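In this text, all values refer to a predicted model and were calculated from it rather than measured experimentally.
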Amino acid sequence: MSQPINIRKALKSFRYAGVGIYDLFRHENNAKIHLLAAILIVAAGIGFKISVTEWCIITIQIALVWSAEAFNTAIEKLADTVTTDYHPSIKIVKDVAAAGVLILAISAVIVAGFIFLPKLWECLN
């Protein structure tokens with residue numbers, strides 16, 4: 001039989017996650033860049049009055065990039081805790097994690113282009 005939900009434990013988990021989000025944007029330069037990009041995209045979305053579907057797509061892209069940045073940061077911090085000395089395997093792990101963020105960021109730019117370039121083109125013509 002399963003145990004009942006522990007609300008206090010769940011609230012603590014949410015608080016820890018909130019601290020993690022705060023730390024991510026406070027300490028990680030690339031996360032700050034992604035935050036600025038998200039703010040600009042949201043402003044563009046408001047300015048161009050994008051559709052609900054487009055908002056959903058933009059929201060998913062922003063969340064994916066931020067999540068990838070969080071995972072990348074966690075991997076880097078863990079790797080640095082294991083050793084600060086150069087290790088070829090750790091270098092590969094860190095590089096591949098960073099590549100995951102880059103892949104998603106490129107995807108987000110492409111998606112933003114699909115959504116905003118036709119609107120921008122329409123405004124210019």
Side-chain angles (χ1 to χ4, degrees):
M1 188 168 204
S2 66
Q3 297 204 0
I5 297 171
N6 184 333
I7 299 298
R8 270 192 194 164
K9 189 174 181 181
L11 290 175
K12 270 187 178 180
S13 294
F14 282 117
R15 186 170 53 92
Y16 294 143
V19 169
I21 291 169
Y22 176 77
D23 287 343
L24 177 68
F25 290 112
R26 181 169 175 232
H27 298 295
E28 296 303 317
N29 189 57
N30 288 344
K32 291 174 187 175
I33 293 168
H34 295 306
L35 179 60
L36 177 60
I39 291 167
L40 293 173
I41 288 297
V42 167
I46 292 167
F48 283 113
K49 298 180 172 103
I50 63 175
S51 71
V52 171
T53 302
E54 290 167 329
W55 274 118
C56 290
I57 294 167
I58 290 295
T59 301
I60 290 166
Q61 289 296 305
I62 290 170
L64 285 171
V65 171
W66 285 351
S67 295
E69 188 63 49
F71 291 132
N72 179 53
T73 298
I75 289 167
E76 287 183 355
K77 298 295 182 197
L78 182 59
D80 290 345
T81 300
V82 171
T83 181
T84 55
D85 295 335
Y86 175 81
H87 191 283
S89 294
I90 289 181
K91 180 191 181 315
I92 292 169
V93 166
K94 290 171 110 178
D95 289 350
V96 171
V101 179
L102 181 59
I103 291 165
L104 271 172
I106 290 168
S107 168
V109 169
I110 292 168
V111 168
F114 285 139
I115 291 172
F116 292 110
L117 287 178
K119 295 174 187 325
L120 184 61
W121 183 255
E122 193 175 297
C123 286
L124 297 175
N125 289 324

Peer 1: Mind checking the CD1-CD1 spacing from I39 to I41? Nearest 0.5 Å is all I need.
Peer 2: 11.5 Å

Peer 1: Run I21 and W66 through side chain to side chain contact (heavy atoms under 4.5 Å, CB included) and show every step you take.
Peer 2: CA-CA 9 Å; I21 291 169; W66 285 351; over 6 Å; no

Peer 1: Measure from the side-chain N and O atoms of E54 to the backbone N and O of S51, and report whether any donor-acceptor pair falls under 3.5 Å.
Peer 2: yes

Peer 1: Between F48 and F116, how do the two ring planes meet: parallel, tilted or perpendicular, split at 30° and 60°?
Peer 2: tilted

Peer 1: At their closest point, which heavy atom of P118 faces which heavy atom of G113, and how far apart are they?
Peer 2: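 So the minimum-distance heavy-atom pair works out to CD-O, 3.5 Å.
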
Peer 1: Would the number of heavy atoms belonging to other residues, nucleotides or ligands and lying under 6.0 Å from CZ of F14 be above 12?
Peer 2: no

Peer 1: Can you give me the closest heavy-atom contact between A108 and Q61, atom names plus distance?
Peer 2: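 What the structure gives for the nearest pair is CA-OE1, 3.1 Å.
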
Peer 1: Tell me if a side-chain donor or acceptor on T84 pairs with a main-chain N or O of D80 at a distance below 3.5 Å.
Peer 2: no

Peer 1: Can you check whether A79's main-chain N or O pairs, donor with acceptor, with T83's side chain at less than 3.5 Å?
Peer 2: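 The answer is no, because no donor-acceptor pair under 3.5 Å joins these two groups.
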
Peer 1: Where do N72 and K94 land on the side chain to side chain contact (heavy atoms under 4.5 Å, CB included) test, with the steps shown first?
Peer 2: CA-CA 8 Å; N72 179 53; K94 290 171 110 178; 6.0 Å; no

Peer 1: Do V111 and W55 share a hydrophobic cluster (ILVMFWY, side-chain heavy atoms under 4.5 Å, transitive)?
Peer 2: yes

Peer 1: Same cluster or not: are L40 and F114 linked, directly or through other Ile, Leu, Val, Met, Phe, Trp or Tyr residues, by side-chain heavy atoms under 4.5 angstrom apart?
Peer 2: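 No, because L40 and F114 fall into different hydrophobic clusters, even though each may have its own neighbours under 4.5 Å.
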
Peer 1: From L124 CG over to L117 CG, what is the distance, rounded to the nearest 0.5 angstrom?
Peer 2: 10.0 Å

Peer 1: Quick one: are V101 and F71 in side-chain contact, heavy atoms under 4.5 Å?
Peer 2: no

Peer 1: Other residues, nucleotides and ligands only: do more than 12 of their heavy atoms fall within 6.0 Å of CD1 on I5?
Peer 2: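 Counting neighbours around CD1 of I5, 12 or fewer heavy atoms of other residues, nucleotides or ligands fall under 6.0 Å, so no.
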
Peer 1: Supply the atom-to-atom distance E69 CD to K32 NZ, rounded to the nearest 0.5 angstrom.
Peer 2: 12.0 Å

Peer 1: Let me confirm one number: the CG-CG distance from N30 to L102, rounded to the nearest 0.5 Å.
Peer 2: 10.0 Å

Peer 1: With a 4.5 Å cut-off on side-chain heavy-atom distances among I, L, V, M, F, W and Y, is there a chain of contacts connecting L104 to I60?
Peer 2: yes

Peer 1: How long is the gap from CD1 on I62 to CD1 on I57, to the nearest 0.5 Å?
Peer 2: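 That separation rounds to 12.0 Å.
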
Peer 1: Tell me whether L36 shares a hydrophobic cluster with F25, the cluster being built from Ile, Leu, Val, Met, Phe, Trp, Tyr side chains joined at under 4.5 Å.
Peer 2: no

Peer 1: Rounded to the nearest 0.5 Å, what's the gap from CG on L24 to CZ on R26? Could you check?
Peer 2: 12.5 Å

Peer 1: What I'd like to find out is whether the side chain of E76 reaches to under 4.5 Å of the side chain of V93, using heavy atoms alone.
Peer 2: no

Peer 1: I'd like to know if E28 pairs up with K77 as an ion pair, taking the criterion as any Lys NZ or Arg NE/NH1/NH2 lying under 4.0 Å from an Asp or Glu carboxylate oxygen.
Peer 2: yes

Peer 1: Examine V42 and V65 and state if one hydrophobic cluster contains both, with Ile, Leu, Val, Met, Phe, Trp and Tyr joined whenever side-chain heavy atoms are less than 4.5 Å apart.
Peer 2: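 No, it is not one cluster - the side chains of V42 and V65 are not joined through contacts under 4.5 Å.
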
